[in-house]
Amino acid sequence: MLVDAHCHLGDVAFDPDRDAVLERARRAAVGHVVVIGTTPVDSARAAALARSRPGLSATAGLHPHEASAWSADTAARLKALLGQPEVVAVGETGLDYHYDHAPRDAQRRAFAAQLALAVELGKPVVVHAREADADVAAILAGTGAPVVLHSFSSGATLFEAGMRIGAYFSFSGMITFKNWVSTFPLAGVPSDRVLVETDAPYLAPVPHRGERNEPAFVQAVAEALGRALGASLADIAQRTTENARRVFGARLAATLLQGEDA
Ligand SMILES: [Zn+2]
């Protein structure tokens with residue numbers, strides 16, 4: 001089975017047919033989906049979805065695009081969500097200097113605060129980095145929280161920083177794109193630190209490019225990773241599932257298949 005380590009299943013793009021999407025995921029051997037929260041409201045929706053099925057977990061965080069909204073109230077709401085058993089990680093947080101939807105100092109403040117929250121609660125943290133590698137690397141240096149570098153496509157600076165802190169590298173459909181060029185030694189990622197994700201509804205992998213992405217398509221990402229590493233799909237599935245269970249915890253042992261039996 002495969003774990004989709006990063007999916008925005010609460011997105012309105014899935015409102016018309018979320019159950020059908022999950023049924024296709026099950027048929028594609030996707031046993032578990034980590035549903036990502038980007039605001040307190042979106043994180044509460046992710047938690048509610050995760051409560052509805054054993055094969056779903058949630059995260060709670062404030063996306064860098066929303067970082068201007070960081071406040072003591074935001075922190076309290078995320079912390080309350082993170083106290084629920086189906087909420088397995090902080091995030092997604094991080095820095096995005098490509099879009100700069102929030103001022104960079106606000107992004108850094110919200111990121112550092114969420115990292116501190118992850119350490120305090122003993123949870124992993126899901127990190128988004130876009131055109132901000134040096135600052136992400138500096139903020140992550142020395143953190144005690146397990147780190148997942150989501151949709152990893154950064155250069156050597158963040159790759160090396162991630163290696164130093166034992167981060168998990170989560171790969172998305174970007175590695176299936178024909179123009180994708182690895183700017184870091186992909187084969188150098190330790191096999192106990194690789195994850196696969198869709199980032200759905202965004203970033204649909206080849207051969208689904210241009211379509212709405214969905215968890216079933218994580219198989220195309222795993223196949224591309226297997227080709228890059230010279231490993232079979234079965235081997236990639238086993239490694240990435242073990243890794244997801246290690247970093248996100250025991251809830252990841254529950255699967256979408258159990259939902260049908262229940
Ligand atoms: Zn995301």
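Whatever order the structure lists ligands and atoms in, that order sets their numbers, starting from 1. If you're wondering where the values come from, they're calculated on a predicted model, not measured in any experiment. Computed over heavy atoms, backbone and side chain alike; hydrogens, waters and symmetry mates excluded.
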| Would you call Glu242 and Arg245 a salt bridge, taking side-chain N to carboxylate O under 4.0 Å as the test? |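 Salt bridge: no.
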Yes or no on salt bridge (charged side-chain N to carboxylate O under 4.0 Å, His left out) for Arg45 and Asp42, after CA distance, side-chain angles and deciding distance? CA-CA 5 Å; Arg45 191 183 309 128; Asp42 186 48; 2.9 Å; yes
(Q) Tell me which N, O or S atom from Glu92 is the closest to the Zn ion (ligand 1). (A)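 Nearest N/O/S atom of Glu92: OE1.
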Q.
Can you tell me how far apart OG1 (Thr183) and CZ (Phe152) are? Round to the nearest 0.5 Å.
A.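 Going from OG1 on Thr183 over to CZ on Phe152, the span is 6.5 Å.
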Drop me the distance from Gln114's CD to Glu120's CD, to the nearest 0.5 angstrom.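 Between Gln114 CD and Glu120 CD, I get 13.0 Å after rounding to 0.5 Å.
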Query raised in the report: Within His6, is some N, O or S atom less than 2.8 Å away from the Zn ion (ligand 1)?
Result: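 True for His6.
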Only to 10 degrees, please: what angle do the OD1 atom of Asp199 and the NE2 atom of His8 make about the Zn ion (ligand 1)?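 Nearest ten degrees: 80°.
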